[in-house]
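Quick notes on the structure that follows.
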Amino acid sequence: MSNYPDIYSSILEGLNDKQLEAVTAPDGPVLVLAGPGSGKTRVLTHRIAFLLSQGVSPFNILAVTFTNKAAREMRERIERLVGGAFGSYEARNITMGTFHSICSRVLRRDGGAIGISPNFVIYDDDDQIRLIKQALNEIGLDEKQYAPRSIQARISSAKSALLDPEDYSSQGVSSYFDEIAARVYRRYQQLLEINQAVDFDDLLMKVVLLWKSYPDILQQYRDRWQYVLVDEYQDTNRAQYMLINLLTQEHRNIFVVGDEDQGIYSWRAADIRNILNFERDYPEAKVILLEQNYRSYQEILDVASHIISSNRLRRPKKLWTNKSGGALVRVREAYDEQDEASYIAREISRLTSLGEYTYSDFAVMYRTNSQSRPVEEAFSRYRIPYQIIGGTRFYERREVKDVLAYLRLIHNPHDAASLRRIIENTPSGRGIGKGTMKTLEDLASRAHISLWDAIEIALGIKSLEEVGAFLPNLEIPKLQSKAKESLKQLVGLIYELREQRDILTLPHLIDTLLIKSGYASFLSSGAEEDLERLENARDLISIAQDYAAIDTSEALVEFLQEVALQSDVDTMQNNGNQVTLITLHAAKGLEYKVVFIIGFEEGLLPHARSMDRESDIEEECRLAYVGVTRAMEKLYISYAFHRNVFGATQTNVPSRFLANIPPDLLDGSLPSLGRRGPGRLTSTTSPRTPSGSTYPGGARNYSGQSYRPFPSNSNFVSSSNLERIIQEYKPGDRVRHPKFGEGVVLKVEIQGEDAEVEVRFAAGSTKKLLASMARLQKI
DNA sequence: TGACGTCGTGTTTTT
DNA sequence: CACGACGTCA
């Protein structure tokens, strides 16, 4: 290949000695200990490019990242790096993603061996809690006495430690509560199976089980993924460790990157020993330390080093940079959280008006999601656009979950969480009451069948034998004729939609579902709240547009998986000009020119719930360290004298993590003695807009637009456009679709505010497309 | 059976 | 403060 040498040198160009050593390391285990800002993403991407340049097939590479967004970005960077040098589809064929998404794919493919239906659905937090409540009820335990959330936490940590219900009751029980949890766990797991569902932890645990039980299947994956790279290795848990370990034992090409100082997920069962013991697991490992920081000014790094140095359980590391001459880190005391927020808003306004920075250069970071509120309010007043990461996510909104429930049910009718959601919530007035539900659930629970099966049996559509329940003495309950009628309608609807799935594209299927289920008319009261909900539901159609080109059955699987495994940062916008509000946890791996860390107080950072154990305090310290090291140019740390918690005012003192910082590294005194009232650092606590004009009451609207993580329905046609579309496409017209290729229009039909165009494509398939969405071109 | 009101309770971080 | 569970009323 003529341009090969160019490509080769561009892969290695500009790397420092250590990075180069990591990128070009020979086959075998490699551990890269990478301090913040030391270019670890760079090392990972260049390493993969290097492997490709050495003739390794992209099909043989697996890269595990912490977020889907990171995977996406890494793939793009590799594509840019190698271009078409090794064929144009190189980077696309690398397997990249989070542990959860990779495992989901493995289970979809091979889970059958351990009894997992290929149509499984993924249960989120909400679904899990519902299921735990159901399990509690069935066992006859009071859900008030045994908080479902605590039980869920126990189950989750058991699963992360690879303990199934039997293991847990025999090994994991050390208290009365554990014993209860063990019983619930057992029933909960049965319920998951009946619903053909898995939870987040199952995704990991079941793949370990699969690989351990079926060496031949494991061998297939070992042959496939001969090169394995893992990012953020310090945050892997036992299950993830086992996955990687099983996979890499044969070829031993394991390349992990991590930093013990940035381990912040021990509460999610991450085990820092995974990285500490790497050299023991792989004695032949090459270990490379990346200590040069390319991100932050020396002034910021100094503060970071002093903060982390109070941790005892770490090997000392010396971060250095040659970026000096920055501003000192500013520390400010605010009177309360409003004052703190106003100060930040004013500072951002000041810096942007100087023209030095734009809004997207700023991030505000905090320990708990609830701290974002006063900041949001201040930003609204000061008209600062922002996006907020986390909190209530798009996919957690009620109407979105409602629509997803229909989709999940189309995909897998045994998913009782979705079925119940549809029956109980929306649209109301289905005519299926509590009594009926109780009867059906009893039947389901006694016969060990799904709720869906129970309904079909009660309706006489199926027999007990047909669904695999052999209980000749079981009495099939009689239902009221009204309830029966309603159930028939619901079952009919789902069957009908399942048929539509084989005909329509995914966005069109959602559109149809909204209409046929009555959900659309349910939301068409015209009230503002309903309008917004409808819009959210329709945003889902726009998102599904990405899947319009593949077979809908397949599209549904991919779509539901993406939705379920979407992380907070995955929804983040990189383009818009807006300030980012984000938790310290979610900020890991990101960087901003100017960072504000708020709530640097005892009780918040370290958090009150983490103050009992020293190891917890150390984790809080690492959290502070992660935050500080996100800043490239300017860092602001603030804490509030008063803070409203729960409605009551609390008085807080500055965080202990500030205590180790020499005062001359900071701009702003550390008033460990003496407290001052409002106005110490701010001239006033009453906000003024920078322009001095009055601001509108509906402040949220202003920024509300800017942080919606998903497109508004701007690509829906207005009715005036509709005419145009109908005139544009006529039967017999030849059209081109970006993904399906050329085809002939068979039929055009008005569908509500849109038009449906039926096209037969040259490839032989016939699809019904929404005119507003399909991006059809006439030829 | 549904809608509305009161009371009680609980918030760390997330795939 | 805000949300959910529960009870009462129509």
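Note that the structure is predicted; figures quoted are calculated from it, not measured. Proteins get letters first, then strands, A, B, ... in listed order; numbering begins at 1 in each.
Both cation-pi conditions hold for A/R268 and A/Y265: the charged atom is under 6.0 angstrom from the six-membered ring centre and inside a 45 degree cone around its axis. Within the cation-pi definition used here (under 6.0 Å to the ring centroid, within 45° of the axis), A/R108 qualifies as a partner of A/F120.
Put simply, A/N369 has a side-chain N or O that comes within less than 4.0 Å of OP1 or OP2 on B/dT14. Taking only side-chain nitrogens and oxygens, A/T67 never comes nearer than 4.0 Å to OP1 or OP2 of B/dT15.
Side-chain rings of A/Y639 and A/F600 stay apart, their centers remaining 6.0 Å or farther from each other. Two rings, from A/F200 and A/F99, have their centers 6.0 Å or more apart.
Following rounding to the nearest Å, A/N68 (CG) and B/dT14 (P) show an atom-to-atom distance of 16 Å. For A/R149 and B/dT13, the CZ to C1' distance is 13 Å, given to the nearest whole Å. Rounding to whole angstrom units, CG of residue A/L584 and P of B/dT14 are separated by 10 Å. Going from atom CD1 of A/I389 over to atom C1' of B/dT15 covers 16 Å, rounded to whole Å. The CD1 atom of A/I155 sits 17 Å away from the C1' atom of B/dT14 (whole-angstrom rounding). Remark: P of B/dT15 and CG of A/D570 are 8 Å apart, rounded to the nearest angstrom. One atom, NE2 of A/H100, and another, P of B/dT15, lie 9 Å apart when rounded to the nearest Å. Here B/dC7 presents its P atom at 16 Å from NZ of A/K144, a figure rounded to the nearest Å.
With a cutoff of under 4.0 Å to any heavy atom of chain A, the contacted region of DNA chain C is bounded 5' to 3' by C/dC1 to C/dC6.
A stacking contact between A/Y265 and B/dT13 is absent: the pair does not combine a ring-centre distance of less than 5.5 Å to the base's six-membered ring with planes differing by less than 30°.
For the residue pair A/D142/A/Q145, the side-chain donor-acceptor check at 3.5 Å is not satisfied. Residues A/Q573 and A/Q387 bring no donor and acceptor atom of their side chains to less than 3.5 Å of each other.
Across all strands shown, A/R622 has no heavy atoms under 4.0 Å from either base or sugar-phosphate atoms. Contact annotation for A/K133: backbone-only contact, meaning every heavy-atom pair under 4.0 Å involves sugar-phosphate atoms and none involves a base. Residue A/D201 is out of contact with every strand shown, counting any heavy-atom pair closer than 4.0 Å. A/T368 comes within contact range of the sugar-phosphate backbone alone, with a heavy-atom separation under 4.0 Å but no base atom that close.
Contact check on A/D125 versus A/R149 returns a salt bridge, with a Lys/Arg side-chain nitrogen under 4.0 Å from an Asp/Glu carboxylate oxygen.
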